[in-house]
Every structure is written in C-alpha cells, then in structure tokens.
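Report on the following structure.
As the structure is a computational prediction, the values presented were derived from the model and not from experiment. By convention in this document, chain letters (A, B, ...) are assigned in the order of the sequence lines, proteins followed by strands, and residues within each chain are numbered from 1.
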Number of protein chains: 2
Amino acid sequence: MKKHPRGLPIGAFAAAAGVNVETIRFYQRKALLPEPGRSYGSIRRYGEADVARVKFVKSAQRLGFSLQEIAGLLTLDDGTRCDEARVLAEEKLEDVRAKLDDLRRIESVLAQLVDRCCASRGRITCPIIAALHAH
Amino acid sequence: MKKHPRGLPIGAFAAAAGVNVETIRFYQRKALLPEPGRSYGSIRRYGEADVARVKFVKSAQRLGFSLQEIAGLLTLDDGTRCDEARVLAEEKLEDVRAKLDDLRRIESVLAQLVDRCCASRGRITCPIIAALHAH
DNA sequence: CTTGACTCCGTACCTAAGTACGGATTCAAG
DNA sequence: CTTGAATCCGTACTTAGGTACGGAGTCAAG
C-alpha cells in the first residue's frame, strides 16, 4: 500500500471510500464534501475525515435518505443536536411506512391475481387482463 | 356533453382518460397506443377502445408495472394467453416482495434509531448520527 | 372571413444520482 | 527531460415518466 503523506489524491480517496471518482466530484458540487485543501499545486488532497463522510453518506442512502436530506444530516454531524436528527429520522420513518403500506396493498392484489389466474386454467378471459380492464 | 361523431380529438380523449394531452402523445411515441385514424385532415380521432387502453395502462402502473412492462401486458390484451400474463404478474410479485423486504429492514433500523434517540436525552453523541458513522 | 380554440410536431426541460467524455494540466518515475 | 498516468474542469448523457414551449396549421362558430 502506497503512502500518501499529504493526503489522498482523488483516485485513492474514491477507492478508499468505495465509490467512483466522478461520484466524489459530484458530491463536491453538491457540497456534501468540503472543498479540500490543495497543497502544492491544483490537486485536491483528502483525509480520513473525508472517507468517513462519504461512508456516512452511503449509510444514510441505504436507509432511504436522499442526498438533499443527507446534506441536512451532515449539518448535525457533531452529534449534539439529537432532537433535530430525530425529527429527520422520524420523517423518514413515516415515508418508509407509507411506502410499505402501498407495497403491501399492491402485493395482496398481485397475489390474488396470480392465484385466480392459476385457478382458471382453460378460461377464455385471463383474470389478470380482465382485472386491469376493470378499473 | 358534446358529441364527437368521428371520434374524440386528443383533448377530449385525454380528459376522458383522465390524463394530460402530452401524456397521450408520449404514450403514442412509446407505442402504448395505436396510431389512430385521422379522418378528414390531420387530426387524430380516438374511440372508446383507446380510452380503455389508457385506463388499462394506469391500472397496471398502480400495481407497479413500468411502461415497458405494460407494453408487454398489452400484447396479451385479448385475454387468451393467461400463462404469459401470469408469468409477468409473478415476476412483478417477486419484485414487490423484494422491495418489501428491503423496506421492512429499513423500517426496523429507523425505528430502533428513533427509539434509542428518544431514550438518550442529554447524551453528548446522538445515536442516530453515531449509527450512520458506524457502517 | 376572421377569430379563437384546438391540434400538430419537434424539441427542450424536469428530478435523482450519478456516469462518460475529452482537452488541458500536472505529477511522479525513469 | 520525457513519458505515461492521474487530475482538473466543464459539459453532455443516462433512466423513467412525463411536462412545457413555441410556431404553424386547422377547425368551427359567428
């Protein structure tokens, strides 16, 4: 493993964070990452804190937060404004539960259709097609 | 209500189907609707079958089918190829169940985080922020 | 025959979260 | 000092499902 005494250049940084170089640049434009210092020239150098930040973003994404919402979470990064973080998490939980309700409804309709379809072998009109015509 | 003896022009058709005029033209480009006849001039005229078709598309969308998948369903529109329709419905059911699994996992994590957050009033480090840093 | 509403058509724009490209620098090794 | 890799930067493209725009043509009523 190579040493990067002045901090990681973008390629090594992206690899360390498990994302694409272009993704780093994209996050930079979205201000999800601070503009890093550019020691000796015009090349950006990143540190461990930046790697942690990208991983934070990816963790939050896995919980369904959008990048915009994650920008909000990142302003609470010092961990001292628990109330605000809880509000964001509660709102997201509501979103997720609403989507769950939708999907459960859809699942039951689809399951019924598949079921009725199986039960109606030889019928002239497919129950699935008929149901889609019915509403 | 006005009569449209030669069939509905696009505006009345879109209204009857409950969608935007632009949506009709978009569906036309996607070949979800057949090119309608243009009697006497260059104006498209639509019939009841077209209205039913748009409603079919909207029903299928509510069940989570993409327009591309709906194009597939529409080729089975005569209702005689029940097996093929069932396969498409089963695949969609699998999709929906996979998404449900994801969301349930997310819900439980979020619910735990909110819970722990509530339990830790006064703590210095917010458990939500800490958890996002942990993975 | 004119006016106003409607339609036609192609094209651009929108969101989200990136990905891809390409010319110009710059860095590091030999 | 040269060469090749990496970086910089702006811009365009991607998917899905539309929405919006604008100029030209057409249709029906008065």
Just the rounded figure in Å: distance from [atom2] of [N] to [atom1] of [X].
{"X": "B:K30", "N": "D:dG18", "atom1": "NZ", "atom2": "P", "result": "10 Å"}
{"X": "B:I24", "N": "C:dC6", "atom1": "CD1", "atom2": "C1'", "result": "15 Å"}
{"X": "A:Q28", "N": "C:dG18", "atom1": "CD", "atom2": "P", "result": "14 Å"}
{"X": "B:L8", "N": "D:dC27", "atom1": "CG", "atom2": "C1'", "result": "16 Å"}
{"X": "A:R29", "N": "D:dT11", "atom1": "CZ", "atom2": "P", "result": "11 Å"}
{"X": "B:E22", "N": "C:dC9", "atom1": "CD", "atom2": "C1'", "result": "10 Å"}
{"X": "B:F65", "N": "D:dG17", "atom1": "CZ", "atom2": "C1'", "result": "17 Å"}
{"X": "B:R25", "N": "C:dT11", "atom1": "CZ", "atom2": "P", "result": "12 Å"}

Please determine whether a side-chain nitrogen or oxygen atom of [X] lies at a distance below 4.0 Å from atom OP1 or OP2 of [N].
{"X": "B:K58", "N": "D:dG18", "result": "yes"}
{"X": "B:Q61", "N": "D:dG18", "result": "yes"}
{"X": "B:T23", "N": "D:dT19", "result": "yes"}

Next on the checklist: Both A:I10 and B:F26 contact DNA chain D. Taking the nearest nucleotide for each, which residue is further toward the 5' end?
Outcome noted: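 Nearer the 5' end of the strand: A:I10.
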
Ignoring hydrogens and geometry, is there a side-chain-to-backbone donor-acceptor pair from B:Q28 to B:P34 under 3.5 Å?
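Answer holds: yes.
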
Residues, nucleotides or ligands: over 12 heavy atoms within 6.0 Å of B:Q68 CD
no

Does A:E35 have more than 12 heavy atoms from other residues, nucleotides or ligands lying within 6.0 Å of its CD? yes

Give every pair of a protein N or O atom and an N or O atom of nucleotides 28-30 of chain C that lie under 3.5 Å apart, one pair per line with the distance.
none

Sequence neighbours excluded, the answer for side chain to side chain contact (heavy atoms under 4.5 Å, CB included) partners of B:D77 is A:I129, A:H133, B:R53, B:F56

Tested for side-chain contact (heavy atoms from CB on, under 4.5 Å) against B:L132, the lone hit among A:L76, A:L63, A:I70 is A:L63

- Mind checking A:R44 for me? I need base, sugar-phosphate or nothing, with any heavy atom below 4.0 Å counting as a touch.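 Touches sugar-phosphate only.
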
> Contact class for A:Y27 (heavy atom, under 4.0 Å): base, sugar-phosphate, or nothing?
Replying inline: sugar-phosphate

Looking only at side-chain atoms of [X], point me to the closest of [options].
{"X": "B:I43", "options": "C:dT7, C:dA20, D:dA20", "value": "C:dT7"}
{"X": "A:L67", "options": "D:dG18, C:dA17, D:dT26", "value": "C:dA17"}
{"X": "A:N20", "options": "C:dC8, C:dT19, D:dG18", "value": "C:dT19"}

Closest non-hydrogen contact found for B:I106 with A:R62 is CD1-O, 3.4 Å

Does a side-chain N-to-carboxylate-O contact under 4.0 Å join B:R105 and B:D102?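 A salt bridge is present here (some side-chain N lies under 4.0 Å from a carboxylate O).
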
